[in-house]
Amino acid sequence: SVILPVHDAEPWLDECLGSVLQQDFEGSMELSIFNDASKDDVMMPQRVRLQHEAALQHPKSIIGCQVRREPPNSTERYTRWINQLAPDQLLTQGGGVVRVDQSLLLYRYHPSAATHSVLETTIWAHRVRFLEERALPHWATFTIWNAGRQGRRLYRSLTAGSRRKVAAFCDVDENKIRKGFYCYEDSQERPKPRIPVLHFRAARPPFVICVKLGARPEAFLQAVAFAEGRQLGNS
């Protein structure tokens, strides 16, 4: 079954339906079209066949594929991320997930699509809850990498119990490190929590890295490289 959500997509509907009819899959197929709130995409002719073959090999997994964005540079970082996730990263992103490593879908970008109506604050809240449910219960303490706005925002978003596990912030900014601590002024606790701010080389794992990719991707890569080295016991 090919399930096609459709809403306000007349300019792209013929191309989308044509891409379903042109599949080179030789078995029987049904196409179910539902009026919803998404924009239509275009499937490569071999998509159903290759993903069906992968599904037979991995019957308990969700089967995905690589994608090509239209317009090509509309979401460059996101497209690169979903296409380059390694198999072990696919597992950590949500259980049994298998990707056919071919570009089988033309994934159309449209600014008014329902996908883009999700508030950033909603996405942030889900990420924090995921962190608190999946990672933090296994850690006695942890370090927040970034004593700036993003790191402090994460600290404030945590539950009181999770905040008590924060051993320190770490950073490379000498001005933040020189201050020596971050005081959570809105806390109801007395005395108010004062979290040490350390140079990253003095910090101890595990780390939660809070670096905005759009501004300084190299800072994120440096943080990951250092954090992985510390986890492995390297200098």
Q: Restricting to non-hydrogen atoms, name the atom on Ser32 and the atom on Phe34 that form the minimum distance, rounded to 0.1 Å.
A: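 Scanning both residues, the minimum pair turns out to be CB-CE1, 3.5 Å.
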Q: Provide the closest heavy-atom pair for Val98 versus His58 in the form atom of the first, atom of the second, distance.
A: CG2-CG, 3.7 Å
Q: Kindly assign one of parallel, tilted or perpendicular to the pair Phe200 and Trp145, based on the angle between their ring planes and the thresholds 30° and 60°.
A: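 Tilted, since the angle between the ring planes falls between 30° and 60°.
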Q: Quick one: CZ on Arg69 to OH on Tyr78, what's the gap to the nearest 0.5 Å?
A: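 It is 6.5 Å, given to the nearest 0.5 Å.
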Q: Would Glu133 and Arg127 count as a salt bridge (charged side-chain N to carboxylate O under 4.0 Å, His left out) if you check the C-alpha gap in whole Å, the side-chain angles of each, and the deciding distance to 0.1 Å?
A: CA-CA 10 Å; Glu133 291 172 5; Arg127 286 174 171 169; over 6 Å; no
Q: Determine, stepwise, if the pair Arg68 / Leu105 fulfils side chain to side chain contact (heavy atoms under 4.5 Å, CB included).
A: CA-CA 6 Å; Arg68 179 164 55 89; Leu105 178 67; over 6 Å; no
Q: Using ring centroids (six-membered ring only for Trp), state whether Tyr155 and Tyr184 fall under 6.0 Å.
A: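 So the answer is yes for these two rings.
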Q: For the residue pair Glu70 and Ser74, establish whether any side-chain heavy-atom pair is separated by less than 4.5 Å.
A: no
Q: Should Ile177 and Leu198 count as side-chain neighbours, where that means a heavy-atom distance under 4.5 Å?
A: no
Q: Can you check side-chain hydrogen bond (donor to acceptor under 3.5 Å, both in side chains) on Ser103 and Gln66, steps first, answer last?
A: CA-CA 4 Å; Ser103 181; Gln66 292 187 350; 5.8 Å; no
Q: Side chains of Gln51 and Cys65: does their closest heavy-atom pair fall under 4.5 Å?
A: yes
Q: Transitively linked via ILVMFWY side-chain contacts under 4.5 Å: Met44 with Tyr107?
A: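 Met44 does not cluster with Tyr107.
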Q: Heavy-atom count around Lys179 NZ within 6.0 Å, excluding the residue itself: above 12?
A: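 Counting other residues, nucleotides and ligands, NZ of Lys179 stays at 12 neighbours or fewer.
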Q: Which atom pair, heavy atoms only, marks the closest approach of Ala147 to Val197?
A: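 Taking Ala147 first and Val197 second, the nearest heavy atoms are CB-CG1, 3.7 Å.
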Q: So does Ile63 get a backbone contact from the side chain of Ser61, meaning a donor-acceptor N/O pair under 3.5 Å?
A: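 Such a contact is absent between Ser61 side chain and Ile63 backbone.
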Q: Provide the closest heavy-atom pair for Arg153 versus Ser157 in the form atom of the first, atom of the second, distance.
A: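 Answer, listing the atom of Arg153 first, then Ser157: O-OG, 2.8 Å.
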Q: If hydrophobic clusters are built from ILVMFWY residues whose side chains come within less than 4.5 Å, do Trp124 and Leu136 share one?
A: yes
Q: How about CD1 on Ile62, more than 12 heavy atoms from neighbouring residues, nucleotides or ligands closer than 6.0 Å, or not?
A: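 It does not: Ile62 CD1 has 12 such atoms or fewer within range.
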Q: Does CD belonging to Glu120 count more than 12 external heavy atoms closer than 6.0 Å?
A: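 Yes, the 6.0 Å shell around CD holds more than 12 heavy atoms from other groups.
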Q: Here's a test for you: under side-chain contact (heavy atoms from CB on, under 4.5 Å), which of Gln46, Arg99, Met43 qualifies with Leu104?
A: Gln46
Q: Are the side chains of Asn146 and Asp171 in touch, meaning some heavy atoms are under 4.5 Å apart?
A: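 Asn146 reaches Asp171 side chain to side chain.
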Q: Do His52 and Arg47 have side-chain heavy atoms sitting under 4.5 Å apart?
A: no
Q: Please report the C-alpha distance between Ile82 and Val67 in whole Å, then the side-chain angles of each, then the deciding distance to 0.1 Å, and finally whether the side chain to side chain contact (heavy atoms under 4.5 Å, CB included) criterion is met.
A: CA-CA 8 Å; Ile82 60 177; Val67 304; 3.4 Å; yes
Q: Should Leu158 and Phe181 be counted in the same cluster of Ile, Leu, Val, Met, Phe, Trp and Tyr side chains packed under 4.5 Å apart?
A: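 Different clusters: Leu158 never reaches Phe181 through Ile, Leu, Val, Met, Phe, Trp or Tyr contacts under 4.5 Å.
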Q: Would you say the side-chain atoms of Gln23 pair up with the backbone N or O of Val48, donor to acceptor, closer than 3.5 Å?
A: yes
Q: Verify the neighbour count for atom CZ of Arg194: are there more than 12 heavy atoms of other residues, nucleotides or ligands below 6.0 Å?
A: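 Atom CZ in Arg194 is not crowded, with 12 or fewer foreign heavy atoms closer than 6.0 Å.
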Q: Would Val2 end up clustered with Val42 when hydrophobic side chains under 4.5 Å apart are linked, directly or stepwise?
A: no
Q: Check step by step if side chain to side chain contact (heavy atoms under 4.5 Å, CB included) holds for Glu189 and Arg164.
A: CA-CA 11 Å; Glu189 298 180 48; Arg164 283 191 284 271; 4.2 Å; yes
Q: Does Lys192 reach the main-chain N or O of Asp186 with its side chain, forming a donor-acceptor pair under 3.5 Å?
A: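 Judged by distance alone, no pair lies under 3.5 Å.
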Q: Can you tell me if Ser1 and Glu30 form a side-chain donor-acceptor pair at under 3.5 Å?
A: yes
Q: Same cluster or not: are Val100 and Phe25 linked, directly or through other Ile, Leu, Val, Met, Phe, Trp or Tyr residues, by side-chain heavy atoms under 4.5 angstrom apart?
A: no
Q: Between Ile144 and Gly151, what is the shortest heavy-atom contact and its length?
A: CG2-CA, 3.8 Å
Q: Measure the shortest side-chain to side-chain distance between Ile3 and Ile33 over non-hydrogen atoms and say whether it is less than 4.5 angstrom.
A: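 With C-beta onward as the side chain, the pair stays apart.
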Q: Below 4.5 Å, heavy atoms only, C-beta onward: do Val20 and Met29 meet side chain to side chain?
A: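 Yes; the side chains approach each other to less than 4.5 Å.
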Q: Work out which heavy atom in Ile195 is nearest to a heavy atom in Ala168; give both atom names and the distance.
A: CG2-CA, 3.7 Å
Q: Quick one: do Thr141 and Arg204 satisfy side chain to side chain contact (heavy atoms under 4.5 Å, CB included)? Show the steps, please.
A: CA-CA 9 Å; Thr141 62; Arg204 300 177 62 85; over 6 Å; no
Q: Any heavy-atom pair between the side chains of Leu31 and Leu17 that's under 4.5 Å?
A: yes
Q: NE2 of His199: more than 12 outside heavy atoms within 6.0 angstrom?
A: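 Atom NE2 in His199 is packed in, count exceeds 12.
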